[in-house]
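For ligands, and for the atoms within them, numbers begin at 1 and follow the listed sequence. None of these values were measured; they are calculated from a predicted model.
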Amino acid sequence: MSENRFDLIVIGGGPGGYVAAIRAAQLGLRVACVDKRGVPGGTCLNVGCIPSKALLQSSHHYEYATEEFAKHGIQTGSLGMDIAAMMARKEKVVMDLTKGIEFLFNKNGVTYFKGTGELTAPDQVKVTLLEGEEQLLTSSNVLIATGSDVATLPGLEIDEQRIVSSTGALSLDRVPASLVVIGGGVIGLELGSVWRRLGAEVTVVEFLDTLLPGMDQDVRKQMQRSMKKQKMKLKLSTKVTAAVADADGVRLTLESVETGAVETLQADIVLVAVGRRPYTSGLGLQQIGVALDERGFIDVDEHFKTNVNGVYAVGDVIGGAMLAHKAEEEGMALAEHLAGKPGHVNYAAIPGIVYTSPEVASVGRTEDGLKQDGVAYHVGKFPFSANARARCNGETEGFVKILADAKNDRILGVHIVGPNAGDLIAEAVIAIEVGASAEDIARTCHAHPSMGEALKEAAMDVDGRAIHI
Ligand code: FAD
Ligand code: NAD
């Protein structure tokens, strides 16, 4: 077993780990990054953000061509679909981006180990390389960035054939006749949309009485309307109590949370999308005494330090919003902190996006949250149906909603459902980051015609002076 000494060892090469590794190397630290997947990028690049967005784009093009082209005076004749080609394109997008991370590791002098890392002491990581050989790495700083894994339900066995997780749903080799999605959260709606657009009959079974729990009430209402309009069947306040798979499909038993009424449902494929759990197995955390919280996430302080000296953690494995950009911010802040700089993450300004159509993007407080905390606020709202660019593009569903502090007009939250919401939200994130008021956005010139004008109008509406409604 050979021994290597580093200033920082990162276990996990996802957005939290690889960003921390690169930033620490930029700041002059000698860094190792260990990942057992064989390719860097973690969940996000390999089986998460990137493949799902690639398929969302392909399926959007297909649906747009079938449903919308004719409205623009474009005749296509009959359209065909080549799932194998769609999947191959997705794989190529993933491969190009993961190669990009390897290039960045090389460029910045990060030593990349393809293997499984285990803490054998607070300053020692045993790496079992994919080829089987073992290496011992030592460092006074070890970062755990091992991310998360699919959560499942008791009595439900994910076989990735009939009962699939998001990973299986990203690689189906045919369009299922019927797809039941358990969980009306982000994965449920994104991957449900992919397969519905390609022709599957999709039913979403959600335990709570709403889709996208935790999001602003107007967003939830709009998305429920939009998904129903797209012929996605919704079974809210419903739980799955059993699922039996055979050669023909899956037989699900459902129970109403409110009445207890039981029904059965047959599905070609079932997608389990009920959340994710921290990935900590095999890391040796118990041996070295790293404390976990009651849900199994690694407990850290504001500088991502665990209870064990020299051992840190960032990303999905510490909980909070399970988002790639949140993990990246944490990785960056930790690297800067280790290099003696003031690394910091502003959790009030982390956006969240759902890449459905219409798209959803939110940052900051929800109206429900402000009410609960007794904060006085003003609301400004503007519909995309009154936005000229949205009309030109034929994408008028949705709105921009701004919540501003009643005392000083400071922006507390922004919620967008509509075209390009995921890009439009950046303006709102900056506004929250710099402590801007609704008046600041209202007085900023926005190009015409652009979707961004909806933000300006919503900001003006906070003061009851929107022009175009
Ligand atoms: P991960 O990306 O999970 O990376 C951890 C890595 O550590 C993995 O490669 C794992 O194999 C490795 N590892 C684990 N244990 C060991 C060990 N002992 N030794 C070595 N390596 C180990 N987020 C967004 O912001 N936007 C999106 O659009 C989005 N879409 C998503 C779609 C899907 C279908 C899924 C499942 C998730 C999506 N997410 C999205 C969430 C996002 O993928 C995660 O929040 C993000 O990847 C977390 O980054 P991380 O670095 O903490 O962990
Ligand atoms: P989620 O937390 O978004 O949604 C899970 C849903 O399942 C919730 O609505 C919950 O009420 C429901 N649920 C839980 N138990 C249930 C049960 N027994 N029966 C029916 N419904 C049940 O989780 P997810 O969609 O699995 O996504 C996992 C994580 O990945 C999320 O934290 C998300 O942030 C991240 N992700 C992000 C993006 C993005 O940023 N665009 C995309 C995909 C995933």
Side-chain angles (χ1 to χ4, degrees), residues 10-20 33-53 55-56 113-119 125-128 144-154 156 165-167 169-170 181-192 204-215 235-241 254-255 257 271-285 313-328 330-331 350-356 359-361 422:
V10 181
I11 308 180
Y18 84 72
V19 167
C33 183
V34 185
D35 194 287
K36 66 179 185 177
R37 202 178 279 272
V39 269
T43 303
C44 172
L45 268 71
N46 291 286
V47 289
C49 326
I50 299 306
S52 58
K53 266 80 259 179
L55 290 183
L56 276 156
F113 292 90
K114 295 183 185 181
T116 304
E118 180 190 349
L119 280 141
V125 175
K126 183 179 82 182
V127 180
T128 309
I144 302 166
T146 48
S148 61
D149 200 2
V150 174
T152 187
L153 296 172
L156 218 109
S165 69
S166 52
T167 303
L170 288 166
V181 181
I182 310 179
V186 192
I187 291 182
L189 294 194
E190 287 188 353
L191 294 183
V204 176
V205 181
E206 166 60 49
F207 181 78
L208 298 174
D209 61 359
T210 174
L211 294 179
L212 299 174
M215 292 219 157
K235 285 191 172 291
L236 304 179
S237 302
T238 305
K239 62 180 175 184
V240 174
T241 52
L254 312 182
E255 190 184 308
V257 175
L271 162 61
V272 184
V274 294
R276 294 178 63 84
R277 57 181 178 79
Y279 194 93
T280 52
S281 65
L283 271 173
L285 299 187
V314 297
D316 280 9
V317 78
I318 64 167
M322 284 186 165
L323 296 172
H325 43 280
K326 174 259 190 193
E328 288 188 26
E330 290 175 344
I350 306 267
I353 300 166
V354 190
Y355 294 84
T356 43
E359 212 160 83
V360 178

K.L.:
Report, in ascending order of atom number, the atoms of ligand 1 lying under 4.0 Å from any heavy atom of I11.
P.N.:
17 (C), 19 (N), 20 (C)
K.L.:
Would you say ligand 1 has an N or O under 3.5 Å from any N or O of R276?
P.N.:
no
K.L.:
With the side chain counted from C-beta on, respond yes when I182 and L156 share a heavy-atom pair under 4.5 Å apart, and no when they do not.
P.N.:
yes
K.L.:
Specify the protein heavy atom at minimum distance from atom 3 (O) of ligand 2: its residue, its atom name, and the distance to 0.1 Å.
P.N.:
V186 N, 3.2 Å
K.L.:
Of the choices K36, E328, K114, which has the non-hydrogen atom that lies closest to atom 22 (C) of ligand 1?
P.N.:
K36
K.L.:
Using a 4.0 Å heavy-atom cut-off, which part of I353 comes near ligand 2: side chain, backbone, both, or neither?
P.N.:
backbone
K.L.:
Output the list of atoms in ligand 2 that are nearer than 4.0 Å to some heavy atom of I182, sorted by atom number.
P.N.:
19 (N), 20 (C)
K.L.:
Should P15 be listed as contacting ligand 1, given a heavy-atom distance under 4.0 Å as the test?
P.N.:
yes
K.L.:
For atom 41 (C) of ligand 1, what is the closest protein heavy atom, and at what distance to 0.1 Å?
P.N.:
M322 O, 3.5 Å
K.L.:
Against heavy atoms of V205, which atoms of ligand 2 measure under 4.0 Å?
P.N.:
20 (C), 21 (N)
K.L.:
Tell me, please: is V47 in heavy-atom contact with ligand 1, that is, under 4.0 Å?
P.N.:
yes
K.L.:
Would you mind checking which non-hydrogen protein atom is closest to atom 10 (C) of ligand 2, with the distance to 0.1 Å?
P.N.:
E206 OE2, 3.5 Å
K.L.:
Quick one: does ligand 1 sit under 4.0 Å from the side chain of L283, the backbone, both or neither, non-hydrogen atoms only?
P.N.:
side chain
K.L.:
At a 4.0 Å threshold, what atoms of ligand 2 neighbour a non-hydrogen atom of L153?
P.N.:
18 (N)
K.L.:
Between T146 and G12 (side chain of the first, backbone of the second, donor and acceptor by atom type, cut-off under 3.5 Å), is there such a pair?
P.N.:
no
K.L.:
Which option out of G331, A324, S148 puts a heavy atom nearest to atom 23 (N) of ligand 1?
P.N.:
A324
K.L.:
Closest non-hydrogen protein atom to atom 16 (C) of ligand 1, residue and atom name please, with distance?
P.N.:
T146 CG2, 3.6 Å
K.L.:
Could you list the atoms of ligand 2 found under 4.0 angstrom from a heavy atom of G183?
P.N.:
6 (C), 7 (O), 12 (C), 21 (N)
K.L.:
Considering heavy atoms of the protein only, find what lies nearest to atom 1 (P) of ligand 2 and give residue, atom and distance to 0.1 Å.
P.N.:
G185 CA, 4.2 Å
K.L.:
Among protein heavy atoms, which lies nearest atom 17 (C) of ligand 2, and at what distance?
P.N.:
F207 CB, 3.9 Å
K.L.:
Give the residue and atom name of whichever protein heavy atom lies nearest to atom 3 (O) of ligand 1, and the separation in Å to one decimal.
P.N.:
T43 OG1, 2.6 Å
K.L.:
Would you kindly specify which portion of T167 sits under 4.0 Å from ligand 1, judged on non-hydrogen atoms: side chain, backbone, both or neither?
P.N.:
neither
K.L.:
Are any of the N/O atoms on G275, whether in the backbone or the side chain, positioned under 3.5 angstrom from an N/O atom of ligand 2?
P.N.:
yes
K.L.:
Taking atom 46 (C) of ligand 1 as the point of reference, which of D35, V39, D316 owns the nearest heavy atom?
P.N.:
D316
K.L.:
Can you confirm, on distance only, whether ligand 1 has an N/O atom lying under 3.5 Å from any N/O atom belonging to G282?
P.N.:
no
K.L.:
To the nearest 0.5 Å, what is the distance between OG1 on T152 and CZ on R276?
P.N.:
12.5 Å
K.L.:
Which atoms from ligand 2 have a heavy atom of Y355 less than 4.0 Å away?
P.N.:
41 (N)
K.L.:
Could you identify the single nearest non-hydrogen protein atom to atom 33 (C) of ligand 1 and state the distance to 0.1 Å?
P.N.:
G48 CA, 3.3 Å
K.L.:
If you measure every N/O of E190 against every N/O of ligand 1, is any gap under 3.5 Å?
P.N.:
no
K.L.:
Report the C-alpha distance between V257 and T238 in whole Å, list the side-chain angles of each, state the deciding distance to 0.1 Å, and finish with yes or no for side-chain contact (heavy atoms from CB on, under 4.5 Å).
P.N.:
CA-CA 5 Å; V257 175; T238 305; 5.6 Å; no
K.L.:
Among protein heavy atoms, which lies nearest atom 28 (O) of ligand 1, and at what distance?
P.N.:
K53 NZ, 2.7 Å
K.L.:
Record the part of Y18 in heavy-atom contact with ligand 1 below 4.0 Å; permitted values are side chain, backbone, both and neither.
P.N.:
neither
K.L.:
Can you report which non-hydrogen protein atom sits closest to atom 19 (N) of ligand 1, along with the distance?
P.N.:
G117 N, 2.9 Å
K.L.:
Give the residue and atom name of whichever protein heavy atom lies nearest to atom 5 (C) of ligand 2, and the separation in Å to one decimal.
P.N.:
A273 O, 3.4 Å
K.L.:
Does A321 reach ligand 1, in the sense of a heavy atom lying below 4.0 Å from it?
P.N.:
no
K.L.:
For M215 and V360, run side-chain contact (heavy atoms from CB on, under 4.5 Å): C-alpha distance rounded to whole Å, both residues' side-chain angles, the deciding distance at 0.1 Å, then the answer.
P.N.:
CA-CA 10 Å; M215 292 219 157; V360 178; 3.8 Å; yes
K.L.:
Please write down residue, atom name and distance for the protein heavy atom closest to atom 13 (N) of ligand 2.
P.N.:
V274 CG1, 3.9 Å
K.L.:
Among all protein heavy atoms, pick the one closest to atom 7 (O) of ligand 1 and tell me residue, atom and distance.
P.N.:
G12 CA, 3.2 Å
K.L.:
Any idea which of G41, C49, S52 brings a heavy atom closest to atom 39 (N) of ligand 1?
P.N.:
C49
K.L.:
Give yes if a backbone or side-chain nitrogen or oxygen of M322 is under 3.5 Å from a nitrogen or oxygen of ligand 2, and no if not.
P.N.:
yes
K.L.:
Can you see which heavy atom on A361 is nearest to which on I353, and at what distance?
P.N.:
CB-CG1, 4.1 Å
K.L.:
For ligand 2, which is the ligand I care about here, please tell me if I187 has any N or O atom under 3.5 Å from one of the ligand's N or O atoms.
P.N.:
yes
K.L.:
Relative to atom 5 (C) of ligand 1, which among A145, A327, G422, C33 owns the nearest non-hydrogen atom?
P.N.:
A145
K.L.:
Do any N/O atoms on R276 end up under 3.5 angstrom from N/O atoms on ligand 2?
P.N.:
no
K.L.:
Could you tell me, atom by atom, which parts of ligand 2 come under 4.0 Å of a heavy atom of L208?
P.N.:
11 (O)
K.L.:
What protein heavy atom is closest to atom 53 (O) of ligand 1, reported as residue, atom name and distance in Å?
P.N.:
G147 CA, 3.1 Å
K.L.:
Is the shortest side-chain heavy-atom distance between C44 and P15 below 4.5 Å?
P.N.:
yes
